[in-house]
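Keep in mind that the numbers below use all heavy atoms, side chains included, and drop hydrogens, waters and symmetry copies. As the structure is a computational prediction, the values presented were derived from the model and not from experiment.
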Amino acid sequence: MDIDEAIRGCEDRRLQTKYNNATYVIQRALSLYSIEEVAFSFNGGKDSTVLLHLLRAGYFLHKMGQNSANGDVKDFPIRTIYFESPSAFPEINSFTYDIAATYGLQIDTIRLDFKSGLETLLKDKPIRAIFLGVRIGDPTAVGQEQFSPSSPGWPPFMRVNPILDWSYRDVWAFLLTCKVNYCSLYDQGYTSIGSIYDTVPNSLLSISNSSSKFKPAYLLADGRLERAGRVKRTSSAGGQLPADSNGLDLHKNSTLTASIIAVGDEILFGIVEDQLGPYLCRKLGSVGWSVLQYSVVHNNIDSVAEEVERQKSRTDMVFIYGGVGPLHSDVTLAGIAKAFDVRLAPDEEFEEYLRHIISDQCIGDRNEMAQLPEGITELLHHDNLTVPLMKCQNVIILSATDISEMENQWDCLIELTKSSDLLTLLEPYISKHVTTNLSDVEVAPRLSKLCLEFPDLCIGCYRKSRDGSVIISFKGKDLTRLESAISALQKKFKSGAFTETK
């Protein structure tokens, strides 16, 4: 069916607008570059299938200079790049080569990774621009526009993104309106297709009373859950204990770990002294959690993504604050989305909260502020919170800017835990301290042995000043063990060498 005629004849005004904008971008690119200098990256998925047909329409509109995309479907000279992978679904490969035959695509099959393949291709071909089926919120789309030069370290070319502002709903509206073929996996419940190792049918499309039958992808009601079929590494998100604990039991011998990430150049520049991190360390200890790391990162998407990626896999829960809001430096949500390899997408529920708060102040697009990591974001509602907190798998995002706000958000978090399995409340850590005027050299050997005798305790040393007393701290969950360790230490030295302090 004629693409242009199908779109212009439908009643979907939103789709018509998206189509007009996309074909304009395509025609603009074809005006800037010769046909030999452009290429199209096709991967067999729904987004690139949409882009293929937009390119066909855009090419003929450009060629004919008319408001009709009529022409011979075999006459499509834009070079097509296909990165064939051994981990690709057979259906994807079959669909790709069927499409190539149907539309006469000049297809270059590349069996290297994307970067290496592009380097090889661009050495042999005069390609200066590549059409990509990237949509807003895709981790690779962060910071991109409809025309964006390739990233530093990559071979130089212009990335052309005609469907950057398209939603999941727009993609399926186009495919169904134009009645074009798409990969058969989408009719089997797959909504976002990666490799055979990380993709399963979307459970939200499962047909009742069946674990093997699914509705087609276009019936997914909430496009934000498009990637719910991507298999993630199982994580102890929330450090959840067995279901019967309901997050309320106190487990004296359990150990759960947390990491804290502060996002803020101002902290790193020494302009602001961070008080929120130490506050969280104390509060986490009060509910029995052990903080393994407290880090500060730049207001930079990659910096946030790298730190979240590192911490979410090594600790049970990550707490992150700073960099949340409408400013150019507020990149925390984009960094989290990149760390989880998901898109940022508009969240209607969150947008509604923002509308009530800033509607009379907003001079830009509210949707941009309401974009959250897609398919993994849970809004944590509480009556004492103007805007809900957010949880992305085992990452909790706090929006506090000072101690007062952090106290309120922490109290709400604990109250929410009492009615859910958000966090697991454990026996709190207890601390005891002793001081001594002995030198470090005198204390060190016997203190090292004490640590071996009490491996279940955290025993540390510090001074408040160079000339001050050595303070030895004992931290654990069993008061008897702490007192035994202090007694054992005192027995290793003369009487009166240590004084217990609060």
- [ ] Compute whether any side-chain donor of one residue and acceptor of the other, for Asn161 and Gln144, lie under 3.5 angstrom apart.
- [x] yes

TODO: Could you tell me which non-hydrogen atom of Arg8 sits nearest to which non-hydrogen atom of Gln16, and how far apart they are?
DONE: O-NE2, 3.5 Å

TODO: Count the heavy atoms of every other residue, nucleotide or ligand shown that sit under 6.0 Å from CD of Gln275, and state whether that count exceeds 12.
DONE: no

Open item on the list: Looking at His382, I'd like to know if its NE2 atom is crowded, meaning that more than 12 non-hydrogen atoms belonging to other residues, nucleotides or ligands lie closer than 6.0 Å.
Closed with: yes

Open item on the list: Holding to side chain to side chain contact (heavy atoms under 4.5 Å, CB included), I want the full list of residues that pass it with Ala217, two or more places apart in sequence or in another chain.
Closed with: Tyr168, Trp172, Tyr186, Thr191

Task: Test item: Ser150 side-chain N/O and Pro155 main-chain N/O as donor-acceptor pair under 3.5 Å - done: yes

Task: Proximity of Phe95 and Tyr182 rings by center, below 6.0 Å - done: no

Task: For Thr401, all residues meeting side-chain hydrogen bond (donor to acceptor under 3.5 Å, both in side chains), sequence neighbours excluded - done: Glu405

- [ ] For the pair Arg135 and Glu226, find out whether any cationic side-chain nitrogen is under 4.0 Å from an anionic carboxylate oxygen.
- [x] yes

Open item on the list: For a quick test of reading the model, state the closest non-hydrogen atom pair linking Phe114 to Ser41 and the distance between them.
Closed with: CE1-OG, 3.9 Å

TODO: Output yes when Lys46 and Asp170 qualify as a salt bridge under the 4.0 Å nitrogen-oxygen rule, no when they do not.
DONE: no

TODO: For residues Phe40 and Phe131, establish whether the separation of their ring centroids is below 6.0 Å.
DONE: no

- [ ] State, with a plain yes or no, whether a side-chain heavy atom of Asp274 is found less than 4.5 Å away from one of Tyr321.
- [x] yes

Task: Which atom of Pro216 lies closest to which atom of Leu205, heavy atoms considered - done: O-CD1, 3.6 Å

Open item on the list: For Phe89 together with Tyr190, are the ring centres under 6.0 Å from each other?
Closed with: yes

Open item on the list: Would you say CG of Asp98 has more than 12 non-hydrogen atoms from neighbouring residues, nucleotides or ligands within 6.0 angstrom?
Closed with: yes

Open item on the list: Working to the nearest 0.5 angstrom, can you tell me the gap between Phe147 CZ and Leu164 CG?
Closed with: 11.5 Å

Open item on the list: For a 4.5 angstrom cut-off between non-hydrogen side-chain atoms, does Arg79 reach Val38?
Closed with: no

TODO: Measure across Ile35 and Pro77 and return the closest heavy-atom pair with its distance rounded to 0.1 Å.
DONE: CG1-CG, 3.8 Å

Task: Carboxylate-amine/guanidinium contact Arg169 Asp12, below 4.0 Å - done: yes

Task: Donor-acceptor side-chain pairing of Ser259 and Thr315 below 3.5 angstrom - done: yes

Open item on the list: Hydrogens and angles aside, do Asp187 and Tyr218 bring a side-chain donor and acceptor to less than 3.5 Å of each other?
Closed with: no

- [ ] Can you see which heavy atom on Leu122 is nearest to which on Pro156, and at what distance?
- [x] CD2-O, 3.6 Å

Task: Listed partners of Glu306 passing side-chain hydrogen bond (donor to acceptor under 3.5 Å, both in side chains), at least two apart - done: none

TODO: Would you tell me whether Arg310 and Gln293 have side-chain atoms, one donor and one acceptor, within less than 3.5 Å of each other?
DONE: no

TODO: Can you see which heavy atom on Leu30 is nearest to which on Ile78, and at what distance?
DONE: CD2-CD1, 4.4 Å

- [ ] Could you tell me if the ring centre of Trp410 sits under 6.0 Å from that of Tyr279?
- [x] no

